[in-house]
Amino acid sequence: MNWKVIGLLGGAAVLYVWGLGASGWANPYYSAAVQAGAQSWKAFFFGSSDAAGAITVDKTPASLWPMVLSARLFGVNAWSILVPQALMGVAAVGVVYASVRRRAPEWAALLAGSVMAVTPVAVLMFRFNNPDALLVLLLCLAAYCLVRAQESAATRWVVAAGALVGFAFLAKMLQAFLVLPGFALVYLICAPTSFGRRVWQLLLAGGAMVVAAGWWVLAVALVPAGERPYIGGSQGDSVLELALGYNGIGRLNGDDYGGLGNLNQEAGWFRLFDTEAGGQVSWLLPAALVLLVAAVWVTRRARRDDPVRASLAIWGSWLLVTGLIFSLMQGIFHAYYTVALAPAIAALVGLGAAVLWERRAFPVLASVIAVSAVWGYVLLSRSSEWNGWLGPVVLVAGLAAALGLAGAGMISGYGGARDRMFWAVGGVAVLVVLAGPAAYAMDTAATPHTGAIPSAGPSTGGGFRALGRQGQGGGLRPDGGNRPMDGRRPGGGPGGERGGLLGAVTPGAELTALLKADAARYTWVAATVGSNNAAGYQLATGLPVMAVGGFNGTDPAPTLARFQQYVAEGRIHYFLPSGLGSGPAAEIAAWVERTYDSATVAGTTVFDLTRPR
């Protein structure tokens, strides 16, 4: 039993699980879909946002499935939804450790696992219910399988890597495929077998990927549109359109798919270092890049299938391709996406440090420590009102450790005292460079996060960061209470809080009771424009609420004619206007306002669709 590994994983588990329930429903959009899946297997399979199956979330549903299964076992609550995410985070840390351990000493693997565990955006997303936790775990497993495959050219490991990347598509669509170019090229060049066999194995892996990604897409295509939910986020009720448009090309070139605009916050070569994304993931990004270049250089004369250099290429290609696309993409980008870079950064820090340490390249290691200390100081200075003393400590101690390591490397001989000095200075250096991200990680774990766009660490005042802190993005209490989670005065009338595009509404007790009355007579107790508004009402009542127009009210589902048919059949009880939407959603809202009487309940306008004017 390896107590060091147990300590690593146990520490990660505490960091990811402690106080987890404080975030409540976290992202109500996905929590409502979990609730729907816990009530209906059909909603589970398709990823519907309501149990009656009006429309799906705007992603493929695999990331919802672990949470739904947990909710079916333990009930729908914050813990049953978020604990699976935390466990996936612990598993990802373990996989990074295991991958590096196959190529490097234990200390390097522990370093890689520690970097992964305390990367602030990783702590954020492994305590949240967005799709990224499953995506990251599956890609880490794929990288591990590729590392194993490169050792002996074993077909089963190559195929497993392809299948894992394919299944990751069902978690977050095309983002999963960003690792493919590097993974395929590394195996094609570095696998210890004939070129023809390498090509054949990659074709098998590609087939496994297509099957793992495509079975659900095919199943959806085979089900008649009238017998399944509308595919949210698409304009033509198509999974492929969703993958290639809104969640694909639109993210790259900024084309407007679905009416959100491009939201290309600070796109450019240095986006990963700016005020929006820098504190999330970039603490050791300069170190990873320097170590990658230096380690590849010192292994340049190794044989083609050298396993260490191949591992550097696996993780390096992951970091470079994904990092460049994140930096330059012109479409919708949020800083929490960068959690996909955390495993690559962590693995390269561990592997690169091991390669250079073995070759006694202490001047390079000293420069890495110095650069990391300086960059840590810069990042900490962006939140100078938060523990302002920490930045100067990191800077001074880091530069001192760098000088100590460089000085020790100039001492002649390789005696025990000199080696002990190296290890002591190296240990101090690790503590110093991890102090900044670890502090941000602990702040992240101690702060509840709700809404659609969470952010890690203390606020730096840039972009969308404030929206993800407690209460800023909207959120409901998972215990069914109607008090806003941050204790603010409610904005939606007595006992309630307004929602919107990025935050869920919190209905007051009187409105919740009204929606629940006679609920058994209706397929949907209410309809409202926008998925977050619908999620708020649905989580409060535990009953299906139709999200007209999907996430932001621009999906053409349902049409006005279909909505009128639902109303005529007595399937929808109330309509709750939100002020969102366009196209069919706006037409539906206008028709309801012209046709039905309204009343004000707990500060909210309610149209009773059983009472025409």
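Along the sequence shown, residues are numbered consecutively beginning with 1.
Proximity of a side-chain donor or acceptor of Gln280 to a complementary backbone N or O of Tyr336 within less than 3.5 Å is not detected. In this structure a side-chain-to-backbone donor-acceptor pair under 3.5 Å is present from Ser531 to Gly550. With hydrogens and angles ignored, the 3.5 Å screen pairs a side-chain donor or acceptor of Asp555 with a backbone N or O of Gly233. Ser48 places no side-chain N or O within 3.5 Å of a backbone atom of Ala43 that could act as its donor or acceptor partner. Remark: side-chain polar atoms of Trp318 are not paired, donor with acceptor, to backbone N or O of Leu341 under 3.5 angstrom. A donor-acceptor distance shorter than 3.5 angstrom exists from the side chain of Glu241 to the backbone of Gln235, with no hydrogens or angles considered. Side chain of Tyr29 to backbone of Ser49: no donor-acceptor contact under 3.5 angstrom is found. Checked by atom type and distance alone, the side chain of His449 pairs as donor or acceptor with a backbone atom of Thr447 at under 3.5 Å. In this structure a side-chain-to-backbone donor-acceptor pair under 3.5 Å is missing from Arg562 to Ala557. With hydrogens and angles disregarded, no donor-acceptor distance shorter than 3.5 Å links the side chain of Asn130 to the backbone of Asp132.
Closest heavy-atom contact between Ala586 and Gly581: CB-O, 4.2 Å. Annotation for Ala86 and Leu20: closest pair CB-CD2, 4.4 Å, computed over non-hydrogen atoms. Closest non-hydrogen pair, Leu543 versus Val525, comes out as CD1-CG1, 3.7 Å. For the pair Ala51 and Gln39, the tightest heavy-atom approach, listed with the atom from each and the gap, is CB-OE1, 3.3 Å. Closest non-hydrogen pair, Ala445 versus Arg127, comes out as O-NH2, 3.0 Å. Closest approach of Gly75 to Ser80, counting heavy atoms only: O-OG, 2.6 Å.
Once rounded to the nearest 0.5 Å, the distance linking CH2 of Trp25 with CG of Asn129 reads 10.0 Å. Of the inter-residue distances, the one linking Leu178 atom CG with Ile325 atom CD1 reads 4.5 Å to the nearest 0.5 angstrom. In this structure, the separation between OH on Tyr144 and CG on Leu164 is 12.0 Å, given to the nearest 0.5 Å. Remark: Glu587 CD to Trp591 CH2 distance equals 12.5 Å, nearest 0.5 Å. Thr541 contributes atom OG1, which lies 11.0 Å from atom CG of Leu514 (distance to the nearest 0.5 angstrom). The distance from atom CG of Leu69 to atom CG of Leu64, rounded to the nearest 0.5 Å, is 10.5 Å.
Between Trp524 and Tyr574, the distance separating the two ring centers is not shorter than 6.0 angstrom.
Two residues are said to be in side-chain contact when any heavy atoms from C-beta on lie closer than 4.5 Å; Phe607 and Pro577 meet this criterion. In this structure, the side chains of Leu15 and Val123 come closer than 4.5 Å at one or more pairs of heavy atoms. The shortest side-chain heavy-atom distance between Pro61 and Trp216 falls under the 4.5 Å cut-off. Side-chain contact between Pro343 and Leu139: absent, with no pair of heavy atoms (C-beta onward) separated by less than 4.5 Å. Between Met546 and Pro558, the closest side-chain pair of non-hydrogen atoms falls below 4.5 Å. Taking 4.5 Å as the limit, some side-chain heavy atom of Leu609 sits within range of a side-chain heavy atom of Phe563. Considering only heavy atoms from C-beta on, Thr119 comes within 4.5 Å of Val281 through its side chain. Looking at heavy atoms from C-beta onward, Leu137 lies out of side-chain contact with Phe126 at the 4.5 angstrom threshold.
A side-chain N or O of Glu569 and one of Gln565 form a donor-acceptor pair less than 3.5 Å apart.
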Could you walk me through whether Thr338 and Phe333 satisfy the side-chain contact (heavy atoms from CB on, under 4.5 Å) test, starting with their C-alpha distance in whole Å, then the side-chain angles of each, then the deciding distance to 0.1 Å, before giving a yes or no?
CA-CA 10 Å; Thr338 59; Phe333 173 82; 4.0 Å; yes
Test log, rule side-chain contact (heavy atoms from CB on, under 4.5 Å), inputs Phe46 and Val223
CA-CA 11 Å; Phe46 289 107; Val223 176; 4.1 Å; yes
Could you walk me through whether Asp237 and Arg228 satisfy the side-chain contact (heavy atoms from CB on, under 4.5 Å) test, starting with their C-alpha distance in whole Å, then the side-chain angles of each, then the deciding distance to 0.1 Å, before giving a yes or no?
CA-CA 10 Å; Asp237 197 13; Arg228 60 166 173 78; 2.9 Å; yes
Using the side-chain contact (heavy atoms from CB on, under 4.5 Å) rule, take Tyr522 and Thr610 through it: C-alpha gap first, then chi angles, then the decisive distance, then the call.
CA-CA 11 Å; Tyr522 302 93; Thr610 67; 3.5 Å; yes
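Tyr246 carries Arg251 over the face of its six-membered ring, with the cationic atom under 6.0 Å from the centre and within 45° of the normal.
Under a cut-off of 6.0 angstrom, the local environment of CH2 in Trp18 is sparse, with at most 12 non-hydrogen atoms contributed by other residues, nucleotides or ligands.
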